[in-house]
Amino acid sequence: MSQAGTAIQLTPAQQEAVEHFSGPMLVLAGPGSGKTRVVTQRIARLIEKGVRPWNILAITFTNKAASEMSDRLKNLSESRNLWVSTFHRFCAHVLRQRSDVIGLQQNFTILDTADQKQAIKHVLHELDFDAAHYPPNKILACISNAKNDLCTADAFVKQFEESVADHFTAVVARVYPAYQKFLLESNAVDFDDLLLHTVHLFEQHEEIRASYDDRYQYVLVDEYQDTNEAQYRIVRALAQNSRNLSVTGDPDQSIYGWRGAKIANILRFEQDYPETKVIKLEQNFRSTKMILAAADSLISNNTYRKAKELTTDNPEGEPVELLRFPDSPNEADSIARHIRQMVDSGKRKWSDIAIFYRVNSLSRLLELAMVRHRVPYQIAAGVAFYQRAEVRLLLAYLDLINNPQNRSAFLRAVNKPLRGIGKTSQQRLTNWAESNGLSYIEAALQADKIPKMPKRAGISLKMFAKMMQDFSLADSGSVAQLLRDVIDKTGFTRQWDATKSEQDAQHLANVEELVAAAQHYDEMMEDETTLEGFLETTSLVSDLDSLENETDSKGKVTLMTLHAAKGLEFPVVYIVGLEQNLLPHERVLQEVSLRDYEEERRLLFVGMTRAEEQLYLTVSDYREMHGRSMPTILSDFLSEIDLVQTDGTTLTQGLPDTAYSSTLKEDVISEDDLQAVRQAISRKDRPQLTTAASLLKGKPKTAELPFNFPIGSSVRHPRYGLGTVTNAGGFGHRRTITVDFDEQNRTETFIVSKCPLQLVGR
DNA sequence: TCGCGACTTCAGGTT
DNA sequence: GAAGTCGCGA
């Protein structure tokens, strides 16, 4: 934070918040007002005043926020035994302690989104609904919304029976209970259940609630404006007796309404806790006057808000610029060049710069441009690693060992590697298992009793089940060793040969990396290492957790969605695509809901207020949407902001870089290359998989992007000029390419990782 | 039972 | 542009 490093003087309002001791407190903190600093200093003060660290609970929404706070606390005071957690981790912890009460076992599985989808499909199939006609994602969204509002399956069905509902709701009313049954029988929960079960645990078992209330005398909740009903009730349950609840947030930064967040929670806090002390932090230490004024004039168009006065003593700064481009490839390319020039000229370092966008699909062209211009970047897509087929599969094996009732894991693992157990055999098994009340593993052990089961499939099933039963953490000794045993026994890696293809090498490297992650977990937990603990760290990581926050090294440019940007700050910010249907998003334009429309405005507000010194908004006259180039309309929000307009194509005029040519239709870099780049980046730099607290502690490294120069592509050398790649050799750091320089009639061989070559669009 | 290619349909943000 | 579905041939 800009303020944290040097000027230590607290404003009177900050001081008051830091010194607040007991009773409820609401801190309304505008962007850049030093909120995190206030929270951490207050915790330090609490401890100084004699509060014991284990009586304090600090809750955030993301792992990143949690680990950042932990890190800061480390500098401030003796903070061991102090728990900084996300809502979901906190709930997982509570539920493991009291799993018996809610009908689960302690080793329950946390399903991720892909598992959930698979489960829904399975249920749809069982109920004889056509998955094509009832999209699993829509059903899932509907169930999730219900859960966020604490509407259980029973309640949903009852509500449905008592009201006039549409056909789709009727289907959900059938699917929801069946889905819950599937989860329960799998000894599993989904993300929403973590919250929902915890609410029920607290509200239906007073003695349990009271014990946690008593344990956590001081509860602090960050980003309170983003709490949904379930989270609201959890917080309430924890502060019922102790009442030392302090929440921080900013209604203007509420951007998770679609996830069930209720902005009303923060607006009504004073009614919920009448003795509340309210503190407003309105002085901004982050942005220039120009940027703050622009953001303020935007947000003042919202009607559903508490007016706030944002002020700053920072310099005037430069005006917010609107950059206009003819099309999206041009936009991406110009931004990349602009960034490169800022860094090359020594004005900025890579990590000073961030690019935000409304939808993930916009990152594609930007990434390609970054690669083309050799701009090192990081993108919030760290979990992509856990989504890779081979990693998911191995995790399914571990999951099944940990929780033999887990149906999703069984179905995923049973025929991979191939064991000749096809769809129909699986169907017969699951039907039989369910009608006999057995887990799939138990049923597989008696596969010969299943009617119509082919002999070969039956034998395979038995062998598979026996093999799974023979695995145990106790026998292997550590999660990493167990993983290796699984790989050995299943012949998991036999299908790949690193020397045969690049893809195979990637698969093998991913497997290696998962083993390394497990080993890291083992080492960190020592004797306490558990399978469900490891699996929990893999299912509760988020995209954001892969990002580094480096300030010392030159670092990387950060690409992320506007949603992910909350809580961060950068000297230079680009917000891409200020166009109708994109920002505001088309979905809120179709409906006539003012609430949703205003959330889009808040989203832009959040993005703009991340910027410290320079803020660029961009539009393209044509943008690729759904694989097609479409003319665009300027975002209505632009008329609410004071800015200067610039022709974006002139951004880097008169400067030496000439890699760009206006017809970038054929990208020299293919989608596969981009995947490889992403993988290579993430493998090198992703922090080791750990618990929240130790995330992001890896030393900052600057990754040299692996550049691909396909044979036949055009390149530019600063001295030799234009040339064509004619040959390639070697691997990794020693990869070389040979280039013919037509103009000078010479041929040179370069080491790719060191050469000053640049790809040129054709 | 399995892999491949052709085809359709779909694309918001996150724990 | 990508992912999922379907039908075919081996």
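Values below: all heavy atoms of this structure, side chains included; hydrogens, waters and symmetry mates excluded. Quick note on labels: first sequence line is chain A, next is B, and so on, each numbered from 1.
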Interatomic distance, A/Leu603 CG vs B/dT14 P [rounded to whole Å]: 10 Å
Determine if A/Trp258 stacks with B/dG13; use a centre-to-centre distance below 5.5 Å and an interplanar angle below 30° as the criteria. yes
Quick one: ring pair (Phe, Tyr, Trp, His ring centres under 6.0 Å) partners of A/Phe202, sequence neighbours excluded? A/Tyr212
Side chain of A/His88 only, heavy atoms from C-beta on: which candidate in B/dT14, B/dT15, C/dG4 is closest? B/dT15
From the options B/dT14, C/dT5, B/dT15, select the nucleotide whose nearest atom is closest to the side chain of A/Phe191. B/dT15
Applying a 4.0 Å non-hydrogen cut-off, can you work out what A/Glu600 is touching in the nucleic acid: base, sugar-phosphate, or nothing? base
Give me the ring orientation class for A/His88 and A/Phe191: parallel if the planes are under 30° apart, tilted from 30 to 60°, perpendicular past 60°. perpendicular
Under the salt bridge (charged side-chain N to carboxylate O under 4.0 Å, His left out) definition, can you give me all pairs with a residue in residues 578-589 of chain A, not counting sequence neighbours? A/Glu579-A/Arg623
Rounded interatomic separation in angstrom, taking CG from A/Leu95 and P from B/dT15: 19 Å
How would you list, by chain and number, every residue that makes a ring pair (Phe, Tyr, Trp, His ring centres under 6.0 Å) with A/Tyr232, sequence neighbours excluded? none
Tell me which nucleotide among B/dT15, B/dT14, C/dG4 gets nearest to the side chain of A/Lys117. C/dG4
Check the phosphate of B/dG13 against A/Asn360, side-chain N and O only, distance under 4.0 Å to OP1 or OP2. Yes or no? yes
Whole Å only: how far is the CG atom of A/Asp115 from the P atom of B/dT15? 17 Å
What integer distance in Å separates A/Arg259:CZ from B/dG13:C1'? 9 Å
Report all side-chain donor-acceptor pairs from residues 453-464 of chain A shorter than 3.5 Å, counting only partners two or more places apart or in another chain.
| unit_1 | atom_1 | unit_2 | atom_2 | d |
| --- | --- | --- | --- | --- |
| A/Ser460 | OG | A/Arg419 | O | 3.0 |
| A/Ser460 | OG | A/Arg456 | O | 3.2 |
| A/Lys462 | NZ | A/Asp448 | OD2 | 3.2 |

Spacing between A/Phe356 atom CZ and B/dT14 atom C1', to the nearest angstrom: 16 Å
Without decimals, in angstroms, what is the distance between A/Arg392 CZ and C/dA3 P? 13 Å
Donor on one side chain, acceptor on other, A/Thr109 and A/Asn403, under 3.5 Å: yes
With A/Ala114, which residues qualify under side-chain contact (heavy atoms from CB on, under 4.5 Å), at least two apart? A/Asp112, A/Arg392
Between C/dG4 and B/dG13 - C1' atom distance, rounded Å: 23 Å
Using a cut-off of under 3.5 Å, enumerate the N/O to N/O pairs linking the protein to nucleotides 1-7 of chain B.
| unit_1 | atom_1 | unit_2 | atom_2 | d |
| --- | --- | --- | --- | --- |
| B/dT1 | OP1 | A/Ser425 | OG | 3.0 |
| B/dT1 | OP2 | A/Thr424 | OG1 | 2.7 |
| B/dC2 | OP1 | A/Asn415 | ND2 | 3.3 |
| B/dC2 | OP1 | A/Gly420 | N | 3.3 |
| B/dC2 | OP2 | A/Asn415 | ND2 | 3.1 |

Under the ring pair (Phe, Tyr, Trp, His ring centres under 6.0 Å) test, residues paired with A/Phe168 that sit two or more places apart: none
Expected output is a numbered-order residue list: members of residues 135-145 of chain A with a heavy atom under 4.0 Å from any atom of DNA chain B. What is it? none
Would you indicate what A/Thr561 reaches in the nucleic acid, counting non-hydrogen atoms under 4.0 angstrom: base, sugar-phosphate, or nothing? sugar-phosphate
Sorted by chain and residue number, the salt bridge (Lys or Arg N to Asp or Glu O under 4.0 Å) partners of A/Glu536 (sequence neighbours excluded) come out as A/Arg96
Contact class for A/Phe87 (heavy atom, under 4.0 Å): base, sugar-phosphate, or nothing? nothing
Here's a test for you: under side chain to side chain contact (heavy atoms under 4.5 Å, CB included), which of A/Leu194, A/Thr62, A/Asp226, A/Val221 qualifies with A/Phe87? A/Val221
Distance, rounded to the nearest Å, where A/Leu124 contributes CG and C/dG4 contributes P: 15 Å
If you check the A/Glu599 side chain, which of B/dG13, C/dT5, B/dT15 turns out closest? B/dG13
Taken to the nearest whole Å, CG/A/Leu583 to C1'/B/dG13 is 12 Å
Let me spell it out: for each of A/Asp192 and A/Glu586, pick the nucleotide of DNA chain B with the closest heavy atom. Which residue's pick is nearer the 5' end? A/Glu586
